[in-house]
Structure formats: C-alpha cells, structure tokens
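Keep in mind the model is a prediction, meaning the values are calculated, not measured. The residues of the chain are indexed from 1 along the displayed sequence.
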Amino acid sequence: GIPDPRSPRRRQADALIDLATRLLSGAAVPISGGVRPHLTVLVPWSALVGSGLDPATTEWGLPLPRGVLSRLTCDAEITRIILDAEGVPIDVGRASRTATPAIRRALVARDRGCAFPSCDRPPSWCECHHAPEWENDGVTALSSMVLLCGQHHRQVHHDKWTIIFESDGLPS
C-alpha cells in the first residue's frame, strides 16, 4: 500500500479517537445522565393547523387532545422530519445535527465507505459529515451529507476541503 505519512504518535492518537468514536456510536454507553428526557409527538399537518380530525399521538400511539398539544408545543424544541413514500426519514431539519439511522443507512448504500478519494475504509469506520458543515447552515439530509473515515473527516475540517455534490447526487 501507500506509506502512512503520519508520525507514530499521530497514528496512535488517531487510533484512540477512532476507538472512542466507534464506542460512542455503538450505543454501548449509558443513554441517561446529563440529557433531559424527550417526548416524541407525531402530529399530522391537519392537527397542527387545527383543520383536521386526526389527533396528535405519542410515539406509542396515545392520542393527545388539542389543548395538550398546544401546551406541549408552547416552548418545545420542534424538529421537522420529512418522510419518503415508505415512511423512511429523508430530512430531519436543522434541529437535529446527527444523522438518523435511516439517513446513515442511505449514506452507506450510496457511498459504500469513506468517500475521500482512494480511501478504502468500510462504512463501519466512517462518520457522517455535513457538506456544507452544520455550523455553516448545513442540513441533516442525504443530499448534503457524506461518509468519511475519522482520519479524512479530521483532514476535511483541518484543511478546509470543499465537498461538492454532482448532478447525479454523488459527492466529489
């Protein structure tokens, strides 16, 4: 293969970062402690604008009266999730920075691993990267995300690479 230009210390540091990232991405750490609980409410458009009879429901199917919905949405963080015809999320708006499992699966199917030129890292070693970056109004959607391995993800940020999506929707 191609010799790795990184120093042994840099390779060890990158390996530690990759290990920690894979552990945190693997749902093997506690999900409580520090993050307040969240309630997911499914609201049909007609219920939101008050013109339909379909009630809002909790994620487990409990119907919510209009008054309860109004109180919940008064000072809540609202996340828009757009579903495709099969009900798979394709866009989660600006309120959610991390890719949903469905968006990650779509990225894996499209990119097949790290999208950086000549990289052969498999999808399980990759992170989802926003292009444009989240801080620069990037959105969490298949059309503006790419899979990058940890080394290339850091390089893209450090060296200020620009990722462009071609007319076929593929990153370059």
Practice problem: Would you please test D168 and R110 for salt bridge (Lys or Arg N to Asp or Glu O under 4.0 Å) and show each step? | Solution: CA-CA 11 Å; D168 60 4; R110 185 192 70 197; over 6 Å; no
Quiz item: For the side chain of D111 and the backbone of G113, is there at least one donor-acceptor N/O pair under 3.5 Å apart?
Solution: no
Practice problem: Kindly determine whether C114 and L148 satisfy side-chain contact (heavy atoms from CB on, under 4.5 Å), including the steps that lead there. | Solution: CA-CA 4 Å; C114 181; L148 295 172; 4.2 Å; yes
Quiz item: Got a second to check how far H153's NE2 is from W161's CH2, nearest 0.5 Å?
Solution: 14.0 Å
Quiz item: If we only count heavy atoms from C-beta on, is the F116 to R121 side-chain gap below 4.5 Å?
Solution: no
Quiz prompt | Under 3.5 Å: donor-acceptor pair, side chain of T140, backbone of A99 | solution = no
Quiz item: Looking at P63 and T57, what are the two nearest heavy atoms and their distance?
Solution: CA-CG2, 4.0 Å
Exercise. Write down the atom of F165, the atom of A131, and the distance for their closest heavy-atom approach.
Key: CE1-O, 3.6 Å
Quiz prompt | CD1 on I103 to OG1 on T98, rounded to 0.5 Å | solution = 9.0 Å
Practice problem: Measure the CG-CG distance between L147 and L107 for me, rounded to the nearest 0.5 Å. | Solution: 5.0 Å
Quiz item: How long is the gap from CZ on R105 to CG on L142, to the nearest 0.5 Å?
Solution: 12.5 Å
Quiz item: Hey, are the side chains of P123 and R112 touching, using non-hydrogen atoms and a 4.5 Å cut-off?
Solution: no
Practice problem: Indicate the atoms forming the closest heavy-atom contact of C126 with R104, along with that distance. | Solution: O-NH2, 3.1 Å
Quiz item: Does the ring center of H157 lie less than 6.0 Å from the ring center of H129?
Solution: yes
Quiz item: What distance do Q151 atom CD and E127 atom CD have between them, rounded to the nearest 0.5 Å?
Solution: 11.5 Å
Self-check item: H130 NE2 to I163 CD1 distance, which is reported to the nearest 0.5 Å
Solution: 11.5 Å
Quiz prompt | SB check D4 R10 (cutoff 4.0 Å) | solution = no
